[in-house]
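A, B, ... follow the sequence lines: proteins, then strands. Residue 1 opens every chain. Computed from a prediction, not measured in an experiment: that's the story for all the values here.
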Amino acid sequence: MALRAALRGKSGLAGLLSCSSHGRLCPSSSSISQRNNSSSAKLIVDHDQTTGVAVMHMQSPPVNSLSLDFLTEICITLEKLEMDKGCRGLIITSNQPKVFSAGLDILEMYGKSPERCGEFWKAVQEMWLKLYGSNMVTIAAINGSSPAGGCLMSITCDYRIMADNPRYSIGLNETMLGIVAPFWFKETMVNTVGHRNTEMSLELGLLYKPAEALKIGLVDQLVPEDQVLSAATQTMTKWLAIPEHARQITKSMMRKPTIEKLCSNREADIQNFVSFITKESIQKSLRMYMEMLKQKKA
Amino acid sequence: MALRAALRGKSGLAGLLSCSSHGRLCPSSSSISQRNNSSSAKLIVDHDQTTGVAVMHMQSPPVNSLSLDFLTEICITLEKLEMDKGCRGLIITSNQPKVFSAGLDILEMYGKSPERCGEFWKAVQEMWLKLYGSNMVTIAAINGSSPAGGCLMSITCDYRIMADNPRYSIGLNETMLGIVAPFWFKETMVNTVGHRNTEMSLELGLLYKPAEALKIGLVDQLVPEDQVLSAATQTMTKWLAIPEHARQITKSMMRKPTIEKLCSNREADIQNFVSFITKESIQKSLRMYMEMLKQKKA
Amino acid sequence: MALRAALRGKSGLAGLLSCSSHGRLCPSSSSISQRNNSSSAKLIVDHDQTTGVAVMHMQSPPVNSLSLDFLTEICITLEKLEMDKGCRGLIITSNQPKVFSAGLDILEMYGKSPERCGEFWKAVQEMWLKLYGSNMVTIAAINGSSPAGGCLMSITCDYRIMADNPRYSIGLNETMLGIVAPFWFKETMVNTVGHRNTEMSLELGLLYKPAEALKIGLVDQLVPEDQVLSAATQTMTKWLAIPEHARQITKSMMRKPTIEKLCSNREADIQNFVSFITKESIQKSLRMYMEMLKQKKA
């Protein structure tokens, strides 16, 4: 918990989706864990070989925006953990203050070539496929705001524990930016909170306070802010006690239809995203949104 | 609100589905609105060009039964509003006391030729397609009872506000008449309140009091009876602030599968209805139901 | 109620799924009913010709485990009642103390030939098809614990009334045994409590106390233990007052997609079960589970 306390700083969440500068990132801190056996600049993976549980701390300043680089790192890490027989459970959390992840990086969608946009979207698909289809028990320890892509990461997990802080919010709020959640975001949400909640939530681009999110089932449990990770660890122990093979087959049965739908439509889904996001009108929406974010910061 | 107060009369809701006499109707009052730019005997459309919101007041005495004539008028009006770029939001409400709409007109189903029954059913489909697939923001201001087809109209909307009066009820109660809600009624309801609520509701032909309807999510909000329209207007303002194009694409994504299912089965669905409704036994059920209604009135 | 009181003994529920010895069973008691018109050693069917309601009392000691023999009896009885025009409603309940049904009999899955396993699974399918697709109104009067296959029987019914005794529990807990609920168990549960509740419930093999089961909609009503059957009878009267033909068509419309999915995949589903259950590792799981049950008893 000391780690989290140290990170609880003053820099607020930039916005619903956020912009981070690309290129080489110089992480301000490099957390050292005794049990750490795999880490990068932006991801600290704390894998406890005894329990078989890995904790993936996201620390891509300022707000864990999902850039192409960051998504690629996440995917590589997920693949490694998935292949590691010693890793049976994964907890995802944030090392950035006040935010779990601010979602897809707008800078990857603004002023970029169609090729680059396509590459970016493929990485978003890849992360979703790896998380939603993981054989590991996956728990989101949501210790800050979790809009858009941050919410997507959360709802791919088997269980969601959120900090009971009314300043935080969670939701697929893409519509508020003038963009549209694709069908697989939508289906992941329908599978979590049902059709009607999803319809209203996506049409209005709603962000839910923790108590509201709990009420509609968007998260499973609220705990005091400093207990998010310990609660996740306790829950993980419970899940890992379940006969593993039966649990994995059951999870696959529940999620396969949605996963197969994307798998058999990946290229079309990429083309769809690229042709939408590169439209003049959508680029204008994104520019306006980024200017609004800048004004908020100033 | 003065308008509604004036209309709050003494003639109760005839029943679950109602019978109105056909042919020329002489509306007892003709509401005049300063902003009214499209109206007929049975529909007063109050379109505010400044806000882009149209309010469609149903006034087909006594209980807004959906006859072929009335459905046709509704469809023509919906088409006009949909084509009008100045109209972005639609509020549907009733000018009849105590009832939103009593649903499909039984007289259209009793003692009619197969051709006429088919024509009627096609109009019901048409209204559903226009409402459930509308690009406008649609809000049902349910200021009275809303059984059967009245409930269907309500659940096609994006949002439902109901008068908090325990004398009113809402539900797809077709089974109580011995008839069956078709698959697209069913799917609209499943998309609103989920599979189990729909199953029990349709099997038993349940009508819900406002508080019960709110609890299962059949309506979204209850307000005092004299605030239904003003609450709808306030909610509309919130919805119209959402980036429009993204909201429309999202709405279409949520509803397309259900809409396409009817579109690719329209003719079969009509044949199915006609062969069912013209059966001796069903005609007998309807006759008994109408006699029951007459006795209730007397 | 005297019957139930007499049966409320001291022998606890053996476990989640239970083992009973096969072959000839000597029922410890043979309940005699004045109106009984069809019964066997393990099933007492109390068919009231006046009301058109049959009550099927399961009494296969100790815990109504669903063995091949017992499933076959149930299927024969269901078929008879379904064909009997004088029978319009079916209440399923237990004559064994503290348990509704402990579910599929593990002994049918352990150490048996593939042929026998296939025969057993076919009988499980058959029971599900007969119950989930029944034209009768079906009510589960759950007067004891109802794990696994017992829960399956319950959720095939139109309505579930459970004894409000916190010692009882209900759920599809197959995963806890290292086995997997097949897709049609899963879909029946999704149709009852939605996707997310089903996902978590099946992945963790959860058993719910009555109050929890009510909260998620796994049962519809809780009543004091000695009123389960009378409450079921009262509810039945209400359901039988609904126009029958319309109710039946509606029920079929709601359940057909799930039923057709199994019907068109029965053989593959049997092969799937047989190849899974006869695996060395699964047989080992079952053996460990049975030993655990024995220790619990001792």
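- Minimum heavy-atom separation, C:M254 to B:H195: O-NE2, 3.3 Å.
- Contacts between residues 155-164 of chain C and chain B, counted as heavy-atom pairs separated by less than 4.5 Å, involve C:D158, C:Y159, C:R160.
- For C:K209, the NZ atom sits in a packed shell: over 12 heavy atoms of surrounding residues, nucleotides or ligands are nearer than 6.0 Å.
- Contacts from residues 180-192 of chain C to chain B, taken as heavy-atom pairs separated by less than 4.5 Å, involve C:N191, C:T192 in sequence order.
- A salt bridge is defined here as a Lys NZ or Arg NE, NH1 or NH2 lying under 4.0 Å from an Asp or Glu carboxylate O, and B:E199 with C:R255 meets this definition.
- For a residue to count as touching a neighbouring chain, one of its non-hydrogen atoms must lie under 4.5 Å from one of that chain's; by this rule B:S285 does not touch chain C.
- Ranking B:L204, B:I282, B:T175 against chain C, the residue ahead of the rest is B:L204, based on heavy-atom pairs under 4.5 Å.
- The distance from atom CD1 of C:I249 to atom CG of B:L202, rounded to the nearest 0.5 Å, is 13.0 Å.
- In B:K279, the NZ atom is crowded: over 12 heavy atoms of neighbouring residues, nucleotides or ligands sit closer than 6.0 Å.
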